[in-house]
Amino acid sequence: MNYWLFKTEPDTFGIDDLISRPHQTEPWDGVRNYQARNFLRDEVAQEDEVFIYHSSCKEVGIAGIATVVKAGYADETQFDPESAYYDPKANRTDPRWYRVDVKFKEKFAQVLPLKKIKSMPGITDIGLVKKGHRLSIMPVNKDEWRILKTAAREL
DNA sequence: GCCAACGTTGGC
DNA sequence: GCCAACGTTGGC
């Protein structure tokens, strides 16, 4: 089992939106970065766990946890001319963009702030604290997953 | 709104 | 395949 961090802008779709969805489940679509796409297509597996990270908002940080309930499959929005994520160069025989389905698991009482994450001694590997921190889908190693989850629950 | 740190595009 | 120009992300 692997661990991940998915970024989202809560003004558009945050952890509360995930909670209010039918079955508390939502396709994680609209990812349009090749490195992030490769993770979604090749590595994110059913039952993996995911930190839901809120960006570009008042309280930047990790808001909760979701579980992957469906591994990578074609992101339907790439084929939809009405969608903001439409990609005219995409084709169905060889989809360019992928998504997974995630289901809500846990919401922390408070968001674990980015500032705090950066100050934690054991947290040196996660993409948030390194260069290349703009990736919207990033792996989290097992040790840092445990440290961050524990810290978030103790807030 | 600023701007650093990227990623992508396209001319050559 | 290089790289300048351009676009986007995201913290502050």
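Order of the sequence lines fixes the chain letters, A, B, ..., with proteins taken first and strands second; residue numbering starts at 1 for each chain.
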side-chain N/O A:Tyr53 vs C:dG11 OP1/OP2, d < 4.0 Å: yes

- request: Establish, with yes or no, whether the OP1 or OP2 oxygen of C:dG10 is under 4.0 angstrom from a side-chain nitrogen or oxygen of A:Lys7.
  value: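 It does, given that an N or O in the side chain of A:Lys7 lies less than 4.0 Å from OP1 or OP2 of C:dG10.
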
Can you tell me the distance, in whole Å, between the [atom1] atom of [X] and the [atom2] atom of [N]?
| X | N | atom1 | atom2 | answer |
| --- | --- | --- | --- | --- |
| A:Leu114 | C:dG10 | CG | P | 11 Å |
| A:Trp97 | B:dT8 | CH2 | C1' | 10 Å |
| A:Asp11 | C:dT9 | CG | P | 15 Å |

Any donor-acceptor N or O pair under 3.5 Å, side chains A:Asp87, A:Trp97: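 Result is yes, a qualifying pair exists.
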
field: pair A:Lys118-A:Ile123: side-chain heavy atoms closer than 4.5 Å
entry: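 Contact flag for A:Lys118/A:Ile123 side chains = no.
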
May I ask you to decide whether [X] forms a salt bridge with [Y], counting only side-chain N to carboxylate O separations under 4.0 Å?
| X | Y | result |
| --- | --- | --- |
| A:Glu144 | A:Lys149 | no |
| A:Arg32 | A:Asp75 | yes |
| A:Arg99 | A:Asp29 | yes |

task: Summarise how protein sits on nucleotides 2-7 of chain C as a single string, 5' to 3': B when a protein heavy atom is under 4.0 Å from the base, S for sugar-phosphate-only contact, - for no contact.
output: ------

Give the table of side-chain donor-acceptor pairs shorter than 3.5 Å for residues 103-113 of chain A, with sequence neighbours excluded, one pair per line with atom names and distance.
unit_1, atom_1, unit_2, atom_2, d
A:Lys103, NZ, A:His23, O, 3.1
A:Lys105, NZ, A:Glu49, OE2, 2.4
A:Glu106, OE1, A:Arg153, NH2, 2.7
A:Glu106, OE2, A:Arg153, NE, 2.9
A:Lys107, NZ, A:Asp16, OD1, 2.7

